[in-house]
Visitor: 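Just passing along the structure, written as structure tokens.
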Amino acid sequence: MAAAVLEQGEDAFRKMFRLYRRKNPPVDLSGVLEFCAGEPRLRPVELSVGAVSDQDAGRLGLQPLQQWSAYHVDGYPGFLFVVNPFLPGWQHRWVRQCLKLYTQKPNVCNLDLHMGLEGDLWSRSHAQLRKKWSQRRSEKTLLEKLRWVTLGFHYNWDTKKYYKEHHSPFPADLAELSRCVSLACGFHGFKAEAGILNYYHMDSSLGIHVDESELDHGSPLLSFSFGQSSIFLLGGVSREVAPTPMMMHSGDIMVMSGASRLLYHAVPRILRHPGGGVLPPCLSVPPSSDDSSPLIEPCSPSDWEACESYLQSARINMTVRRVLVEGGSFPEEGDAQGAEVTHRDSYHNEEDELQGAEEPGLPKRTTTAAQD
């Protein structure tokens with residue numbers, strides 16, 4: 001663990017956040033937890049292999065469950081990490097969904113309020129992204145200005161609530177992926193009701209926060225990562241608890257449940273994936289052309305050219321959560337029971353916000369995605 005001396009009035013989490021956010025001088029990354037066999041802080045997890053058939057896993061691009069590598073981390077009951085369980089060539093399909101389909105209406109994104117869009121973000125960015133870097137204009141495409149998309153029950157950044165009326169159909173493919181992952185991890189009856197997609201760039205960060213706006217805290221929160229790598233900080237129920245830094249790579253999945261569901265966490269830094277090359281090896285293989293899945297289309301070569309160009313300097317994170325308890329409903333306005341949630345975050349502290357995410361002419365984003 002990297003050592004840090006607290007400044008007056010600075011809590012342990014914030015100190016660690018600032019340390020790993022630092023670029024000059026470069027921070028020592030030797031204390032960042034890598035999820036691999038032999039790491040003493042990790043305990044292998046036996047998944048519910050019989051809960052998901054090989055056929056159901058395969059149609060979502062997942063390996064058979066017996067081939068997954070999953071871990072618990074000492075000191076974090078309920079936190080589970082799955083090391084890239086995707087079949088070769090299948091992450092491409094999920095990246096394409098995040099850039100081409102999930103960005104379309106009626107889903108909500110950060111560009112809605114200040115751009116009258118004719119056509120969708122993908123159609124207005126695809127051709128430019130496919131050009132070689134040397135041929136591209138210096139002006140960013142709309143997709144490169146995208147910072148977040150919400151699905152299902154749309155999270156309101158100002159009130160930090162979900163509303164019954166502010167809802168669109170949740171994507172069936174992502175709901176099925178979430179259902180299968182939750183079943184594999186031992187959670188039955190999980191229902192994907194809301195999603196927040198974060199689109200990070202190399203200078204982005206996600207501030208210190210806790211995910212407690214959902215009315216159901218008993219269900220797990222699922223997080224999927226694609227593209228470049230990142231440092232994830234997982235702390236305690238108080239910001240006075242120093243967090244553990246963890247490395248997340250393309251294809252990795254995190255599950256926060258039980259005692260870990262309401263812990264402080266943050267992403268201070270996006271990093272180039274280890275090993276050199278423009279993209280991580282799992283994304284350097286050709287896209288899968290297997291048409292056997294009825295849920296998700298193959299990623300065409302032309303679509304992948306645009307996705308590949310985008311991911312050279314970006315990371316995409318999908319978080320999926322259940323909003324309502326089983327059989328529950330939203331409280332009536334004025335009913336304090338579950339309506340008012342004390343959201344323990346620091347989004348309004350500029351040094352803890354998603355930094356580097358703003359474009360000239362766009363309103364400053366004072367809230368970030370509720371989970372990574």
Side-chain angles (χ1 to χ4, degrees), residues 1 16 20 29-49 51-52 57 60-87 91 94 177-187 190 196 198 200 206 210-211 219-236 241-271 273-274 280-282 315-321 369-372:
M1 179 69 66
M16 195 70 72
Y20 283 105
L29 300 180
S30 62
V32 180
L33 179 63
E34 286 277 7
F35 288 85
C36 56
E39 164 59 52
R41 290 173 286 180
L42 302 180
R43 290 176 290 111
V45 175
E46 291 189 10
L47 299 172
S48 301
V49 174
V52 180
L60 294 163
L62 298 169
Q63 301 175 25
L65 265 60
Q66 59 266 29
Q67 298 179 21
W68 291 20
S69 296
Y71 300 95
H72 286 311
V73 181
D74 285 344
Y76 294 101
F79 178 79
L80 190 149
F81 193 101
V82 181
V83 178
N84 181 17
F86 290 93
L87 292 165
Q91 285 189 50
W94 291 105
L177 175 67
S178 302
R179 187 187 71 86
C180 286
V181 170
S182 62
L183 280 174
C185 296
F187 301 100
F190 177 81
I196 299 178
N198 268 343
Y200 294 88
L206 179 67
V210 175
D211 295 305
S219 294
L221 189 151
L222 311 180
S223 171
F224 305 84
S225 291
F226 303 109
Q228 301 298 330
S229 301
S230 71
I231 296 175
F232 176 76
L233 298 180
L234 182 60
V241 178
T244 297
M246 308 174 183
M247 193 68 73
M248 294 193 67
H249 302 300
S250 190
D252 291 344
I253 300 173
M254 290 193 312
V255 180
M256 298 180 71
S257 69
S260 291
R261 176 63 178 78
L262 297 176
L263 298 183
Y264 279 99
H265 52 280
V267 177
R269 186 83 172 272
I270 308 302
L271 300 169
H273 73 93
C282 57
R315 170 183 178 253
I316 300 172
N317 179 256
M318 308 188 300
T319 63
V320 180
R321 67 285 310 279
Q371 150 71 17
D372 185 299

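The first residue of the sequence shown is numbered 1, and numbering continues consecutively from there.
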Visitor: Check C282 against N84 and note the closest heavy-atom contact, atom names and distance.
Guide: CB-ND2, 3.7 Å
Visitor: Just to verify, what does E34 make a side-chain hydrogen bond (donor to acceptor under 3.5 Å, both in side chains) with, not counting sequence neighbours?
Guide: H249
Visitor: Can you list everything that forms a side chain to side chain contact (heavy atoms under 4.5 Å, CB included) with E46? Sequence neighbours excluded, please.
Guide: none
Visitor: Do the side-chain N and O atoms of R315 and S229 include a donor-acceptor pair separated by under 3.5 angstrom?
Guide: no
Visitor: My understanding is that only residues two or more places apart in sequence, or in another chain, count here; which of them pass salt bridge (Lys or Arg N to Asp or Glu O under 4.0 Å) with E39?
Guide: R41
Visitor: Could you check Y71 against V83 for side chain to side chain contact (heavy atoms under 4.5 Å, CB included), going step by step and ending with a plain yes or no?
Guide: CA-CA 8 Å; Y71 300 95; V83 178; 3.9 Å; yes
Visitor: Test side chain to side chain contact (heavy atoms under 4.5 Å, CB included) on M16 and L233 and set out the steps.
Guide: CA-CA 8 Å; M16 195 70 72; L233 298 180; 4.2 Å; yes
Visitor: What is the ring orientation for F79 with F35, classed by angle as parallel under 30°, tilted 30 to 60°, or perpendicular over 60°?
Guide: tilted
Visitor: In the structure I gave you, are the side-chain heavy atoms of I231 and V267 within less than 4.5 Å of one another anywhere?
Guide: no
Visitor: Backbone N or O of S178 within a donor-acceptor pair of the S182 side chain at under 3.5 Å?
Guide: yes
Visitor: Which pairs count as salt bridge (charged side-chain N to carboxylate O under 4.0 Å, His left out) when at least one residue sits in residues 63-85, sequence neighbours excluded?
Guide: R43-D74
Visitor: Might you point out which heavy atoms bring L60 and W94 nearest each other, and give the distance in Å?
Guide: O-NE1, 3.1 Å
Visitor: Are any of the side-chain heavy atoms of V181 and F224 separated by less than 4.5 Å?
Guide: yes
Visitor: With side chain to side chain contact (heavy atoms under 4.5 Å, CB included) as the criterion, how do H72 and F81 come out once you've worked through the C-alpha distance, each side chain's angles and the decisive distance to 0.1 Å?
Guide: CA-CA 7 Å; H72 286 311; F81 193 101; over 6 Å; no
Visitor: Is there any salt bridge (charged side-chain N to carboxylate O under 4.0 Å, His left out) pair reaching into residues 220-232, and which pairs are they, with sequence neighbours excluded?
Guide: none
Visitor: In the structure I gave you, are the side-chain heavy atoms of S257 and F187 within less than 4.5 Å of one another anywhere?
Guide: yes
Visitor: Taking all non-hydrogen atoms of both residues into account, name the closest pair between A70 and L47 and its distance.
Guide: CB-CD2, 3.9 Å
Visitor: Name all residues meeting the side chain to side chain contact (heavy atoms under 4.5 Å, CB included) criterion together with L87; count only those two or more places apart in sequence or in a different chain, and write none if there are none.
Guide: Q63, W90
Visitor: Decide yes or no for F190 and L222: does some side-chain heavy atom of the first lie under 4.5 Å from some side-chain heavy atom of the second?
Guide: yes
Visitor: Excluding sequence neighbours, so at least two apart, what forms side-chain hydrogen bond (donor to acceptor under 3.5 Å, both in side chains) with S250?
Guide: Q91
Visitor: Find out whether N317 and F226 are in side-chain contact, i.e. whether some heavy atom of one side chain is under 4.5 Å from a heavy atom of the other.
Guide: no
Visitor: At what distance, to the nearest 0.5 angstrom, does CE of M256 lie from CE of M254?
Guide: 6.5 Å
Visitor: Please list, chain by chain and in numerical order, all residues satisfying side chain to side chain contact (heavy atoms under 4.5 Å, CB included) with R261, sequence neighbours excluded.
Guide: D211, E214, H217, L221
Visitor: Which salt bridge (charged side-chain N to carboxylate O under 4.0 Å, His left out) pairs, counting each pair once, include a residue from residues 245-260, with sequence neighbours left out?
Guide: none
Visitor: For the residue pair L271 and L29, establish whether any side-chain heavy-atom pair is separated by less than 4.5 Å.
Guide: yes
Visitor: Between L33, L263, V73, V241, which is the residue that forms a side-chain contact (heavy atoms from CB on, under 4.5 Å) with L234?
Guide: L263
Visitor: Could you pull out all residues at least two apart from S69 that satisfy side-chain hydrogen bond (donor to acceptor under 3.5 Å, both in side chains)?
Guide: none
Visitor: Kindly indicate whether the side chain of F232, heavy atoms from C-beta on, has any atom under 4.5 Å from the side chain of H265.
Guide: yes
Visitor: Closest approach of P85 and I253, non-hydrogen atoms and distance?
Guide: CG-CD1, 3.6 Å
Visitor: Once side chain to side chain contact (heavy atoms under 4.5 Å, CB included) is applied, do any residues pair with A259, and if so which ones, sequence neighbours excluded?
Guide: P77
Visitor: For the atom pair CE (M318) and OG (S225), what is the distance rounded to the nearest 0.5 Å?
Guide: 9.0 Å
Visitor: Cation over ring, R269 on Y20, under 6.0 Å and within 45°?
Guide: no
Visitor: Does some side-chain heavy atom of L62 sit less than 4.5 Å from a side-chain heavy atom of V52?
Guide: no
Visitor: According to side-chain hydrogen bond (donor to acceptor under 3.5 Å, both in side chains), who are the partners of Y76, at least two apart in sequence or on a separate chain?
Guide: T244
